[in-house]
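First up is the structure itself, then whatever we jot down about it.
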Amino acid sequence: MIIIKVMGGLGNQLQQYALYKKLENMGKEVRLDVSWFRNQDMQADVLAKRALELDYFENLPYREATTEEIRSVLGRLWEEKESPVAKLKRKLKPSANPCFTESDMYHEQVFTFTDKYLVGYWACEKYYADILDNLREIIRFPESSKEQNCIRNEEAIRKMEESDSVSVHIRRGDYLDSANRAMFGGICTDTYYQTAIAFMKEKYPQAKFFLFSDDTEYVREKYQGDEYEIIDWNHGTESFYDMMLMSHCKHNICANSTFSFWGARLNRNETKIMIRPSIHKNTQVCIPEQMKELWKDWVLITPQGKII
């Protein structure tokens with residue numbers, strides 16, 4: 001049995017779910033461990049507490065790992081009572097470790113595992129690119145419980161479908177925190193967005209840009225003109241409807257955020273243009289050939305505004 005740990009925000013949860021579905025489609029016995037959300041102590045070092053947003057979707061199918069199943073895969077790691085000999089064995093022979101932790105952008109060996117506990121975010125599109133059509137069918141947004149939001153979302157979708165619509169995700173909020181800024185800041189620069197928007201305008205001169213941000217005051221001041229429209233009414237547990245709206249745009253400009261990656265991935269437009277930054281974190285080194293292989297069909301732009 002393979003068990004995948006689910007953690008983080010909605011975008012990360014969808015990536016973990018996508019790997020789950022990929023492995024399941026390969027005929028493997030797979031479960032999701034969602035205990036990270038049940039035990040608040042596990043989120044002690046997380047700036048923004050997270051909820052299991054996979055359950056917000058309409059009848060999203062998955063099998064949750066039981067405590068007994070987790071214990072059976074992790075063995076003594078579950079109780080943290082390994083002998084020194086066992087710990088040394090795991091260190092000298094990684095394949096003997098029942099827990100596999102993501103340490104690179106792509107690990108092809110995850111598809112060879114039979115009994116393993118997987119820890120990671122699995123952001124690389126190559127993991128599940130071939131099942132995205134299936135994921136678009138089963139990842140369904142329910143109708144909002146707020147009547148006014150339903151009306152505004154439906155009106156926005158109408159505008160998106162009637163124009164050369166482009167979603168633009170500008171994430172600030174928690175990325176302005178000092179710790180997060182060191183990791184994620186300085187990537188989606190003004191130059192990045194200027195290049196991405198200019199690229200879209202060259203392809204579609206009448207492009208209409210729908211702006212999504214957790215800092216609407218900043219966006220409203222920064223982007224003025226008839227070609228821009230700010231989406232600013234989906235908040236709290238309703239915020240995941242912004243991902244739905246992104247997916248209804250014909251093209252997508254993403255932040256270094258898995259939330260907008262999924263807005264683009266769920267976009268059904270067969271001729272869509274998807275733009276993302278060339279790196280996700282400041283610890284990452286961009287190797288253009290590698291990134292183009294792992295993120296096929298995406299347009300990659302550096303913080304300096306270079307299209308690679």
Side-chain angles (χ1 to χ4, degrees), residues 1-26 28-55 60 62-82 86-129 131 135 174 179-180 183-184 256-259 261-262 279-284 294:
M1 178 182 292
I2 298 174
I3 298 176
I4 300 172
K5 182 176 183 178
V6 184
M7 56 186 174
L10 177 58
N12 288 321
Q13 293 175 43
L14 282 172
Q15 284 160 182
Q16 291 145 1
Y17 179 79
L19 182 60
Y20 164 87
K21 291 301 293 183
K22 170 66 177 182
L23 293 169
E24 186 180 66
N25 285 4
M26 293 174 65
K28 295 181 180 290
E29 189 175 9
V30 199
R31 302 284 190 274
L32 293 181
D33 174 11
V34 299
S35 60
W36 191 81
F37 301 95
R38 314 285 194 221
N39 186 347
Q40 291 300 306
D41 290 342
M42 293 184 179
Q43 299 190 46
D45 59 347
V46 178
L47 288 173
K49 303 304 180 188
R50 304 295 189 177
L52 181 59
E53 294 181 82
L54 291 180
D55 288 346
L60 189 68
Y62 69 87
R63 296 188 67 179
E64 181 179 340
T66 65
T67 300
E68 291 72 22
E69 288 169 336
I70 298 169
R71 184 185 289 114
S72 70
V73 172
L74 287 177
R76 288 186 176 274
L77 270 182
W78 168 259
E79 299 174 348
E80 298 183 352
K81 292 181 180 180
E82 277 192 306
K87 291 180 180 179
L88 179 61
K89 182 180 179 181
R90 284 197 298 108
K91 185 175 182 180
L92 296 176
K93 189 180 180 182
S95 61
N97 191 338
C99 180
F100 180 86
T101 302
E102 178 185 41
S103 60
D104 207 342
M105 280 190 294
Y106 184 70
H107 296 280
E108 190 169 8
Q109 64 266 44
V110 300
F111 300 118
T112 69
F113 296 148
T114 53
D115 291 291
K116 198 72 74 173
Y117 184 92
L118 304 182
V119 180
Y121 295 106
W122 322 109
C124 180
E125 188 144 317
K126 189 174 181 179
Y127 282 120
Y128 33 76
I131 66 163
L135 290 171
D174 59 334
N180 280 340
M183 179 65 75
F184 300 107
N256 54 330
S257 168
T258 58
F259 187 94
F261 289 171
W262 277 100
I279 57 174
H280 188 83
K281 302 177 181 179
N282 285 312
T283 53
Q284 180 184 345
L294 299 180

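Treat the numbers as computed from the prediction; the structure is a model and nothing was measured.
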Problem - With E102 via salt bridge (charged side-chain N to carboxylate O under 4.0 Å, His left out) - residues at least two apart - result: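 With neighbours one apart ignored, the set is empty.
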Handout entry: Partner set under salt bridge (charged side-chain N to carboxylate O under 4.0 Å, His left out) for E24, not counting sequence neighbours
Key =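 With neighbours one apart ignored, the set is K21.
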Could you pull out all residues at least two apart from [X] that satisfy side-chain contact (heavy atoms from CB on, under 4.5 Å)?
X    : answer
Q109 : F100, H107, T112, F113
M26  : K22, L23, K28, F111
T283 : M183, K281

Problem - Nearest heavy atoms of Y128 and L19, plus distance in Å - result: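 For Y128 versus L19, the nearest heavy atoms are CD2-N, 3.9 Å.
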Practice task
Could you pull out the closest heavy-atom pair between A18 and I131, with the gap in Å?
Solution key: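 Scanning both residues, the minimum pair turns out to be O-CD1, 3.7 Å.
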Practice task
Measure up the Y62 and Y20 rings against each other and bin them: parallel (under 30°), tilted (30 to 60°), perpendicular (over 60°).
Solution key: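 Judged by the thresholds at 30° and 60°, the geometry between Y62 and Y20 is perpendicular.
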Exercise for the section: List for me each residue that meets side-chain hydrogen bond (donor to acceptor under 3.5 Å, both in side chains) alongside E53, sequence neighbours excluded, and say none if there are none. Expected result: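 Expected list: none.
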Handout entry: Separation of Y121 OH from Q15 CD (nearest 0.5 Å)
Key =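 Answer for the CD-OH pair, Q15 versus Y121, is 10.5 Å.
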Practice task
Answer yes or no: is there a side-chain heavy-atom contact under 4.5 Å between L14 and L54?
Solution key: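 They are in side-chain contact.
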Handout entry: Cationic N near anionic O, under 4.0 Å, E69 to R63
Key =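 Looking at R63 together with E69, the answer is no, because their closest N to O distance does not fall below 4.0 Å.
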